[in-house]
Each structure stands twice: as structure tokens, then as C-alpha cells.
Amino acid sequence: MHALVRRLYPLCRSITGDGVRETLRIIGEDLSLDVTEVPTGAQVFDWTVPQEWTIRDAYIADATGRRVVDFAASNLHVVGYSEPVSARMPLAELRPHLHTLPEHPEWIPYRTSYYQRDWGFCLSQRTLDALEQHGDDATYDVHIDSDLADGHLTYAEHVVPGQVSDEVIISCHICHPSLANDNLAGIAVASQLARHLARETPRYTYRFLFVPGTIGSITWLARNQHRVDRIAHGLVLACAGDRGQLTYKRSRRGNAGIDRAAEHVLSTSQRPHRVVDFSPYGYDERQYCSPGFNLGVGCLTRTPYAAYPEYHTSADNPDFVTAEAMADTLAACRETLAVLDRDRRYVNLNPHCEPQLGKRGLYDALGGRSDAKQAQLAMLWVLNYSDGGHSLLDIAERAQLPFDAITAAADALLAAELVTE
């Protein structure tokens with residue numbers, strides 16, 4: 001996963017353009033992708049697919065011709081969707097188009113102007129301080145070689161077929177340039193998760209969405225309203241690789257299946273974690289959970305949106321994310337989806353008092369196990385609550401036992417013909 005982050009990091013991505021296409025091409029080396037291109041001007045609910053942005057070069061050069069800010073050195077140096085400009089101007093005129101982070105003087109910020117025509121440069125405060133030493137009258141050559149023209153918005157899907165047509169969507173955004181945690185780590189975890197699921201025979205069909213942030217999910221929803229009724233659960237992945245603890249953000253419903261599964265996994269795994277309520281601010285969960293859809297889609301991150309200093313800066317680089325953190329995020333995803341995939345309701349076939357487990361060899365099977373007491377309790381809980389009205393997750397929550405212990409008990413009782421699905 002970390003190798004994929006490093007490979008994708010240099011690409012200049014935006015909500016449209018060849019950077020997105022190249023990113024999808026690389027992801028598609030390991031996953032079969034169904035790529036969709038939606039033309040500029042297409043109406044998607046209250047939004048319109050924007051023009052496609054292409055950038056080739058950009059710089060600010062001093063009087064000697066030296067590039068003091070250079071897009072070739074970092075694609076964060078240019079405000080995303082900057083319109084073309086070629087001019088000579090004094091620093092006083094240029095300054096309103098310059099963006100820095102005074103509190104972090106070595107870092108370059110990430111800024112965009114997707115829906116309002118503008119142009120600008122992002123640079124370190126240290127660089128701006130050096131320019132200001134020459135005074136407001138010092139002139140600079142300012143050049144942005146870019147195009148805004150009719151084109152397409154590009155997104156991709158990967159489907160892992162399941163035993164049923166009900167779907168779980170896993171969504172990540174692919175629109176940011178060189179930001180390792182805020183989108184590349186999520187892409188890497190999603191890609192690895194898809195490969196893992198393909199090696200199994202999942203119950204649900206899993207649909208992975210690689211979409212530009214906001215406009216991408218809006219476009220996908222607008223074009224897939226016929227599929228929305230099939231979406232049983234969903235998860236947005238972002239900020240998946242920093243060293244912070246896992247954070248799960250509930251869906252708008254607050255108690256959707258994905259909410260309960262994620263909270264159960266995080267609480268019983270003893271991972272340091274936080275669970276926060278839904279708010280209409282953050283990543284694409286706010287589109288999937290908009291009131292017209294109100295899908296059961298939560299969001300899994302490590303440190304949340306905008307809550308770490310490196311967020312949307314050049315400090316969010318491949319060294320900021322770790323293989324261990326991404327592996328932990330992946331494990332939490334796998335465990336959560338396993339709960340969703342294995343959750344069933346059972347009926348006790350011997351409901352009048354407890355059945356004798358010993359004569360069926362169920363107690364003998366526990367002999368010598370370090371978790372024998374937990375396994376025995378799990379069997380008793382499953383027997384007592386297998387009334388057709390309680391799912392295995394209901395039972396695990398009520399018993400405060402790990403979901404794996406409850407499913408193991410259900411499997412043993414099913415084999416002994418004491419319960420039926």
C-alpha cells in the first residue's frame with residue numbers, strides 16, 4: 001500500500017483531467033475498472049459538470065529569470081483550476097494571488113478555485129519573506145500555462161460480485177494532487193480491500209467508487225439513482241494512513257448497520273478510537289447521506305478531516321503516512337465488513353429450556369480452550385436470542401462479546417441442528 005502511495009504522489013490530480021485518468025490507469029493495473037467520463041455541462045442535480053482543467057507549467061521568476069516558485073518542483077505551488085496568466089507585475093500586485101501558512105513557514109498550502117475563475121500560487125512563508133525583502137516594487141514574471149475547456153469528469157468503479165445483489169459501496173476521492181494521507185492512503189486501502197474481497201465469496205456485492213470529491217459523488221449518484229435502492233451499507237475512506245487513532249463518523253441515520261458494525265469492531269478490538277456523530281461537513285458521506293438519499297454510509301478515517309496540522313499542506317507527504325497505520329485501517333475495514341457480511345438471524349429449534357449441549361459434543365469441543373468460558377457463554381446467548389427477531393450482531397451487542405465468538409457459536413449450533421437460519 002505504501003508503495004502505491006509513493007507512486008501516485010507526484011501526479012497532479014484535480015477534479016478533472018489527465019492526472020485523474022493516469023491515477024485510475026495505475027489503480028487499474030491491479031483492479032478491473034469500469035471508467036466513466038461525463039461531459040462538461042452535464043446537469044447533475046443542482047450542479048453542472050465543470051470544464052476540464054489542464055496545466056503544463058507555472059512559475060514566478062525574478063528579474064534574473066530565476067524561478068522562485070516553480071510548479072515543476074511541487075504541483076501544490078499552483079492554485080487548483082487556475083486560469084492562464086502571463087504577465088510582469090510588482091510584488092504589491094502579485095501578493096493577493098499568493099497563499100502561505102505563516103504558522104508553518106516551511107510548508108506549502110493546498111488551495112483550489114474550482115467554481116470561480118481565478119489564479120494563484122501557493123508557496124512557503126519563508127519564500128514570501130525572501131521576496132518581501134526586495135520590496136513591493138520588485139517585479140516578477142508570472143506565468144501559468146493552463147487551459148479550461150470543455151472535456152469530461154472521470155470516475156471509476158470496481159465491483160466484487162456477491163451472493164446477493166444488495167450492495168456495499170466503498171468510496172474514496174481521487175481529486176487531490178500530492179497529498180499522501182488525504183486521499184492516496186484511502187485509495188491504497190480501498191484497492192487492497194477490493195483484492196482481499198475478491199479472494200473470498202462475499203454475501204454482499206461490493207462496489208468500489210473512485211471519484212473526484214464532492215462533484216464526483218454527486219455525479220455518480222445522479223447517474224445511478226436506479227441503483228440506490230440496492231445499497232445496503234456504505235463506507236467512505238479517507239485520511240487512512242496517519243499515526244492517529246481510528247475515527248468512525250456515523251451515517252446520518254446514526255444507527256445504520258454500518259454504524260453498528262464499525263462501533264462493535266472498534267470497541268471489542270480494544271483499538272484506541274473515537275466515534276463521532278454525523279455532520280454535513282467532511283467527505284463524500286455528506287452526499288450519500290443527503291436527505292434525498294439518506295443512505296447508511298459512514299466514514300472511516302484516522303485523524304479526521306482538517307484535524308491535523310499537515311492537512312492540505314506539503315507536509316502531508318509519503319513520510320507522513322505509515323504502512324502500519326494503513327494496515328490497521330485495512331484490518332478495521334475487513335473486520336467491519338465481515339460483521340456486515342456474516343450477520344444473520346437464526347431460530348432455535350429446541351426453544352423449550354436449554355438443550356443438553358454435552359450429549360451433542362459441544363462442551364467436549366471446548367475442552368482445553370483458553371476461551372472455553374467465552375465460547376460457552378456465546379452458545380447460551382445465541383440459543384436464547386435465536387428467535388428470528390435478533391441478528392447475530394444484536395446478540396453480540398447484548399452479550400458484550402466479540403462478533404467472532406457469536407458467529408463461531410452459531411456455526412457450531414447450526415452444525416448440531418439446534419438452530420436454523
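Just so you know, these numbers use all the heavy atoms, side chains as well, and skip hydrogens, waters and symmetry mates.
No side-chain heavy atom of D34 sits less than 4.5 Å from a side-chain heavy atom of V159. At a threshold of 4.5 Å between non-hydrogen side-chain atoms, the residues D341 and E200 do not count as touching. Within the 4.5 Å cutoff, no side-chain heavy atoms of Y114 are placed close to those of P50. Side-chain atoms of Y81 and T112, non-hydrogen and from C-beta on, never get closer than 4.5 Å to each other. Considering only heavy atoms from C-beta on, I55 comes within 4.5 Å of F71 through its side chain. V68 has its side chain out of reach of L123: every pair of non-hydrogen atoms, C-beta onward, lies at least 4.5 Å apart. Taking 4.5 Å as the limit, every side-chain heavy atom of I258 sits out of range of all side-chain heavy atoms of V297. Side-chain contact between W381 and H390 is absent, with no heavy-atom pair separated by less than 4.5 Å.
Within the structure, side chain to side chain donor-acceptor pair (under 3.5 Å) pairs that include any residue of residues 412-421 comprise R344-E421 (at least two apart or interchain). The ring-ring contact (aromatic ring centres under 6.0 Å, His included) pairs that include a residue from residues 167-202 are Y110-H176, H173-H176, H173-Y283, H176-H312, where partners are two or more places apart or lie in different chains.
For the residue pair D118/S113, the side-chain donor-acceptor check at 3.5 Å is not satisfied. Judged by distance alone, the side chains of T205 and E167 never bring a donor and an acceptor atom under 3.5 Å apart. For Y305 and D182, the side-chain atoms include no donor-acceptor pair closer than 3.5 Å. No side-chain donor from either of T313 and D316 sits under 3.5 Å from a side-chain acceptor of the other. A donor-acceptor contact closer than 3.5 angstrom links the side chains of R286 and T214. A donor atom on one side chain and an acceptor atom on the other are not found under 3.5 Å apart for T16 and E52. Looking at D129 and Q125, their side chains do bring a donor and an acceptor atom within 3.5 Å of each other.
Of the possible polar contacts, one joining the T329 side chain to the A240 backbone as a donor-acceptor pair under 3.5 Å is found. Side-chain atoms of R302 come within 3.5 Å of backbone N or O of G244 as a donor-acceptor pair. With hydrogens and angles disregarded, a donor-acceptor distance shorter than 3.5 Å links the side chain of T40 to the backbone of G151. Checking side-chain atoms of R207 against main-chain N and O of I231 turns up no donor-acceptor pair under 3.5 Å. Judged by distance alone, with hydrogens and angles left aside, the side-chain atoms of H2 form no donor-acceptor pair with the main-chain N or O of E324 at under 3.5 Å. A distance-only check finds no donor-acceptor pair linking the side chain of H158 to the backbone of G28 [under 3.5 Å]. Distance alone, capped at 3.5 Å, places no donor-acceptor pair between the S14 side chain and the G80 backbone. Distance alone, capped at 3.5 Å, is enough to place a donor-acceptor pair between the D343 side chain and the L392 backbone. Between the side chain of R243 and the backbone N or O of F320, at least one donor-acceptor pair lies under 3.5 Å.
Applying the side chain to side chain contact (heavy atoms under 4.5 Å, CB included) test between T247 and each of V276, L300, T303 identifies V276 as the sole match. C122 pairs in a side chain to side chain contact (heavy atoms under 4.5 Å, CB included) with only one of the listed residues (L76, V69, V79), which is V79. Across T301, D242, N317, a single residue satisfies side chain to side chain donor-acceptor pair (under 3.5 Å) together with N181, and that is D242.
Ring-plane geometry between H143 and Y59 is classed as tilted, the angle between the planes lying from 30 to 60 degrees on a 0 to 90 degree scale. Taking the six-membered ring where tryptophan is involved, the planes of Y206 and F208 are tilted, since the angle between them lies from 30° to 60°.
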* To do: Carefully, step by step, assess E310 and W107 under the rule side chain to side chain contact (heavy atoms under 4.5 Å, CB included).
  => CA-CA 9 Å; E310 297 82 358; W107 296 358; 3.9 Å; yes
* Asked: For H134 and D62, what are the C-alpha separation, side-chain angles and deciding distance, and is it a side chain to side chain contact (heavy atoms under 4.5 Å, CB included)?
  -> CA-CA 10 Å; H134 301 287; D62 64 16; over 6 Å; no
* To do: Give the C-alpha distance, both sets of side-chain angles, the deciding distance and a yes or no for salt bridge (charged side-chain N to carboxylate O under 4.0 Å, His left out) between E263 and R260.
  => CA-CA 5 Å; E263 291 180 48; R260 296 176 57 211; over 6 Å; no
* Might you work through the salt bridge (charged side-chain N to carboxylate O under 4.0 Å, His left out) test for E335 and R271, ending with a clear yes or no? => CA-CA 12 Å; E335 293 164 29; R271 288 182 177 91; 3.0 Å; yes
* Can you check salt bridge (charged side-chain N to carboxylate O under 4.0 Å, His left out) on D141 and R88, steps first, answer last? -> CA-CA 4 Å; D141 288 320; R88 177 171 291 178; 2.8 Å; yes
* M89 vs V142, side chain to side chain contact (heavy atoms under 4.5 Å, CB included): CA-CA, chis, key distance, verdict -> CA-CA 7 Å; M89 62 184 69; V142 179; 4.0 Å; yes
* To do: Output, in order, the C-alpha distance, side-chain angles, deciding distance and verdict of side chain to side chain donor-acceptor pair (under 3.5 Å) for Y155 and T219.
  => CA-CA 9 Å; Y155 66 82; T219 300; over 6 Å; no
* After noting the C-alpha distance and the side-chain angles of L24 and V20, does the key distance pass the side chain to side chain contact (heavy atoms under 4.5 Å, CB included) rule? -> CA-CA 6 Å; L24 294 176; V20 169; 4.1 Å; yes
* How far apart are the C-alpha atoms of R252 and D259, what are their side-chain angles, what is the distance that settles it, and do they pass the salt bridge (charged side-chain N to carboxylate O under 4.0 Å, His left out) test? -> CA-CA 10 Å; R252 182 176 179 270; D259 302 327; over 6 Å; no
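Between D319 and R6 there is a salt bridge, with a side-chain nitrogen of the basic residue lying less than 4.0 Å from a carboxylate oxygen of the acidic one. Salt-bridge formation is detected for the pair R67/D57: a Lys NZ or Arg NE/NH1/NH2 atom is positioned less than 4.0 Å from an Asp or Glu carboxylate oxygen. With respect to the salt-bridge test (charged N to carboxylate O, under 4.0 angstrom), the residues D18 and R21 qualify.
Closest heavy-atom contact between A405 and Q374: CB-OE1, 3.7 Å. Of all heavy-atom pairs spanning D284 and V236, the tightest one is C-CG2, 4.1 Å. Nearest heavy atoms, G213 versus C175: N-SG, 3.1 Å.
I406 contributes atom CD1, which lies 10.5 Å from atom CE of M379 (distance to the nearest 0.5 angstrom).
Under the salt bridge (Lys or Arg N to Asp or Glu O under 4.0 Å) criterion, D147 pairs with R56, not counting sequence neighbours.
Within 6.0 Å of CD on E29 lie more than 12 heavy atoms contributed by other residues, nucleotides or ligands. Counting heavy atoms of neighbouring residues, nucleotides and ligands inside a 6.0 Å radius, atom CD of E103 exceeds 12 of them. Counting heavy-atom neighbours within 6.0 Å of E37 CD, excluding the residue itself, gives a total above 12.
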